[in-house]
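Right, one structure below, let's go through it.
All figures in this text were calculated on a predicted structure; none of them were measured in a lab. Note on naming: letters A, B, ... go to the chains in the order of the sequence lines (proteins, then strands), and numbering restarts at 1 for each one.
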Amino acid sequence: MSGTITGMWFRKDLRLVDNTALIAMMKERDDNESVIGIFNINPSQLKKGTLNHQAFFAAVEQFSEEAEKAGLPIHFIVGKPEKAFETLKKAIPELTKIYFNRDERGYGKKRDEAMLTFFSDYKIQVNHFQDSHLHGVSEIKKDNGEAFKVFTPYYNRWKKLKKPLFQKEEFADFGVKGADFRQLFKEEQKYVSDLLAEIPIELKGEVGLQRARGYLSRFIDKKVSSYEVDRDYPAIKGTSRISRFLRTGELSIREVYHRLNDSDEGGNSSDTFLKELCWRDFYNMIYAENPEQQTLEIKEQYRGLHWNQNQGMLIAWKEGKTGFPIVDAGMRQLNQTGWMHNRLRMIVASFLTKDLLTDWRLGEAYFSQQLVDYDSASNIGGWQWAASTGTDAVPYFRIFNPTLQGKNFDSDGTFIRFYVPELANVPIAYLHEPQKMPLDIQKQVGCIIGTDYPEPIVDHQKMRSEILSLFKGQ
DNA sequence: TGTCCCTTATA
DNA sequence: ATAAGGGAC
C-alpha cells in the first residue's frame, strides 16, 4: 500500500455517528490516505469482574461488530498506551496521523497529555476534540475569568450559550473503507476475545445505538413532560435511563440535547432534564478544576474528618442489610442491575456518610465497581455533594431521614417490596419501620425482625447528632 | 434535592 | 389536635 495511514483512536466515544474526531478525520483525509480504527486496552486500568467493567466491554464488543459491518474494523492494541502504540507503529510504519476525542479530566486527561508527547516523539501528527460534553471544561468561566464553584450561576450561563450541533454524518456516509491489519495483531485479538468471553450474557442486551435511541425516544415521547415530578419516585420509571449510553459514548450528548429541544419548541417541559445535562458538564468542569477530588475533599476544612472505621457497617450497607427499607432496596437495585435511581443514590449516600459516619471515598469506590453508568466526575461530584465536602454541596446539617425519605418517595412501598422481597407482605403501616411491627404480625407475614430482616443497624437520631458534632468540631 | 422544633393560628 | 411558617443546625 502506498500513501499514509491515519488512525481514529476510540475510547469513551463508541459511535460512528456524530463523532467529532471521526467526522473530522473523514473530512480532512486526502485520496492517498487510508484510515484505521483503534481501541487500546490497558490491562492496569481494568476492573475485571465488576459490573462497571462488564457493561463497558459489552458495549465495546457491540461497537466493534457495528464498526466492522460499517467497514471500519477495530484494531485492538493491548498494554499501556505508550507500549501499545509503539507496537502499532512498528507493525504499521505508515501510521503518521491520529485523531481522538480527548478526555479533559481524571486519568484520561493524564493519559492524553502523556500521549501527546509520545506522538510528537514518534512524529505522529495529532488532532483531538472536545466531544463528550455539551460544553468543555474551559468554555464557561465567570466574568473575571475564574471557574464557577456554584451550580446555579453556572447553569444560568450554560443555558444562554449556543450548543454544538448534531452532525448527522456517519462513517459509512463517506464511502471509504477502513484498512484491515488485524492479522498483524493475533495475540491482541486472542486477549480481547478472552476478555469478552468473561462478560455475562445478561449485560450484552443493554448495548448499542438502536437500544439507546429507543430509551431516548420513549423518554421524549412519554416521560419528559412529567419528569420534574416523576423523577423522584423510584417505583415510577420516570427517568431517561440513558446514562449508561452516555458514559460509553454510544449515544451522542448532542443528539440528546437537540432531540429534546426539537420536541419542545417554545415550551419548558424539558428544563428540569436539561439541568441534569448541565450537572454533567458542571461536574466534569469541577473535576478538571480539582484534579485531586477523588481522594481529597474539595472543602479543605473537612479534610480531617474522623470517619467511622467499622467494616461491618460498610458491608451491611453494600449488601442492602441495614434495616432501613428504602436504603436496602436501593442498594439491592444497584447490586442486581448495576443501576440505581437518582433519588436513591442521594438517600444511600446520605445514609453511608451521615448515618454510618463512613468515609464517602468508600462509597464512591463501591459505586465505581457496581455502576454500569459509572462516570468518575459525576460519581465523585455526587459523593462529595452528599458528604457535604464538595463545592456547592448539601450543607452538613441538611441530613436525610431515611425513614421519611422512604415514606415520601415510596409511600405505598411498591419499590421496597420489589427489591426487598422479605418485606413483600409487611403491611404498609410498618413497611418503612419494620422493627415496629408487633411479633404476631411478624409471624403472620413471615418476616421475623432480626432473622428474616435486620433491626436498624443504627439509631438515626443518635447518629444525626453525632455527625452534626463531628462537622461542627472541624 | 432536609429535618427538627418552636411559635402562632385555627378548630 | 393540627397546619403553616420560620429559625437553627
Side-chain angles (χ1 to χ4, degrees), chain A residues 148-156 158-159 223-224 226-240 243 268-283 286 298-299 301-302 305 324-327 329-330 333-334 339-357 360 363-364 367 373 375 377-411 415 432-433 456 458-474:
Chain A
F148 282 100
K149 292 190 168 77
V150 178
F151 176 75
T152 306
Y154 177 88
Y155 175 62
N156 291 336
W158 184 93
K159 246 188 327 197
K223 299 177 180 178
V224 71
S226 49
Y227 175 74
E228 187 168 8
V229 175
D230 286 357
R231 66 176 183 145
D232 263 329
Y233 302 91
I236 300 175
K237 290 192 172 171
T239 64
S240 71
S243 53
N268 60 357
S269 66
S270 53
D271 275 12
T272 310
F273 186 72
L274 283 180
K275 217 176 229 181
E276 298 302 320
L277 300 186
C278 181
W279 274 106
R280 184 171 173 271
D281 286 1
F282 178 71
Y283 277 144
I286 291 293
I298 292 180
K299 282 190 186 149
Q301 188 191 355
Y302 298 137
L305 278 173
F324 289 84
I326 195 70
V327 173
Q333 181 181 41
L334 175 66
W339 185 83
M340 198 195 303
H341 188 277
N342 188 55
R343 165 62 50 183
L344 300 171
R345 295 188 198 200
M346 294 189 287
I347 296 174
V348 304
S350 174
F351 187 79
L352 184 72
T353 53
K354 307 290 171 66
D355 278 276
L356 302 184
L357 275 49
W360 61 270
E364 197 281 320
F367 273 26
D373 63 10
D375 170 87
S378 297
N379 200 55
I380 299 165
W383 274 95
Q384 290 229 28
W385 178 86
S388 305
T389 61
T391 180
D392 202 20
V394 62
Y396 71 85
F397 48 79
R398 200 173 287 167
I399 296 166
F400 285 47
N401 177 328
T403 306
L404 267 185
Q405 289 285 319
K407 286 179 179 170
N408 288 340
F409 298 110
D410 190 32
S411 57
F415 186 82
H432 297 287
E433 293 168 286
V458 289
D459 176 335
H460 171 70
Q461 295 307 338
K462 212 179 118 221
M463 301 317 279
R464 180 176 185 273
S465 57
E466 233 177 276
I467 192 76
L468 283 175
S469 54
L470 265 184
F471 267 92
K472 267 186 286 186
Q474 275 303 115

* Just to confirm, is there a sub-4.0 Å distance from OP1 or OP2 of B/dC4 to any side-chain nitrogen or oxygen of A/Asn401? -> yes
* Is there a donor-acceptor contact under 3.5 Å linking the side chains of A/Ser388 and A/Lys354? -> yes
* **Test of ring centre spacing under 6.0 Å for A/Phe471 and A/Tyr302** => yes
* Over how many whole Å does the gap from A/Phe400 atom CZ to B/dC4 atom C1' extend? -> 15 Å
* Can you check the A/Tyr396 OH to C/dC9 C1' distance for me, whole Å? -> 6 Å
* Structure fact -> Considering only heavy side-chain atoms of A/Asn342, the closest of B/dG2, B/dT1, C/dC9 is B/dT1
* Structure fact -> Taken to the nearest whole Å, CZ/A/Phe151 to P/B/dT1 is 11 Å
* May I have the distance from A/Phe409 (atom CZ) to B/dT1 (atom C1'), rounded to whole angstrom? => 7 Å
* In whole angstroms, how far is the P atom of B/dT1 from the CZ atom of A/Arg345? -> 20 Å
* Within this structure, what is the CG-to-C1' distance between A/Leu468 and B/dT3, rounded to whole angstrom? -> 10 Å
* **Between C1' of B/dC4 and CE of A/Met463, the distance in whole Å** => 18 Å
* B/dC4 OP1/OP2 closer than 4.0 Å to side-chain N/O of A/Gln461 -> yes
* Asked: Is any side-chain N or O of A/Arg343 under 3.5 Å from a base N or O of B/dT1, one able to act as donor and the other as acceptor?
  -> yes
* With side chains defined as the heavy atoms from C-beta onward, is the minimum distance between A/Leu357 and A/Leu470 less than 4.5 Å? -> yes
* **side-chain N/O A/Gln405 vs B/dT1 OP1/OP2, d < 4.0 Å** => no
* Determine the sole option in A/Trp360, A/Tyr283, A/Phe367 for which the ring pair (Phe, Tyr, Trp, His ring centres under 6.0 Å) test with A/Trp383 is passed. => A/Phe367
* **Nearest-angstrom distance from the residue atom CZ of A/Phe397 to P of B/dC5** => 16 Å
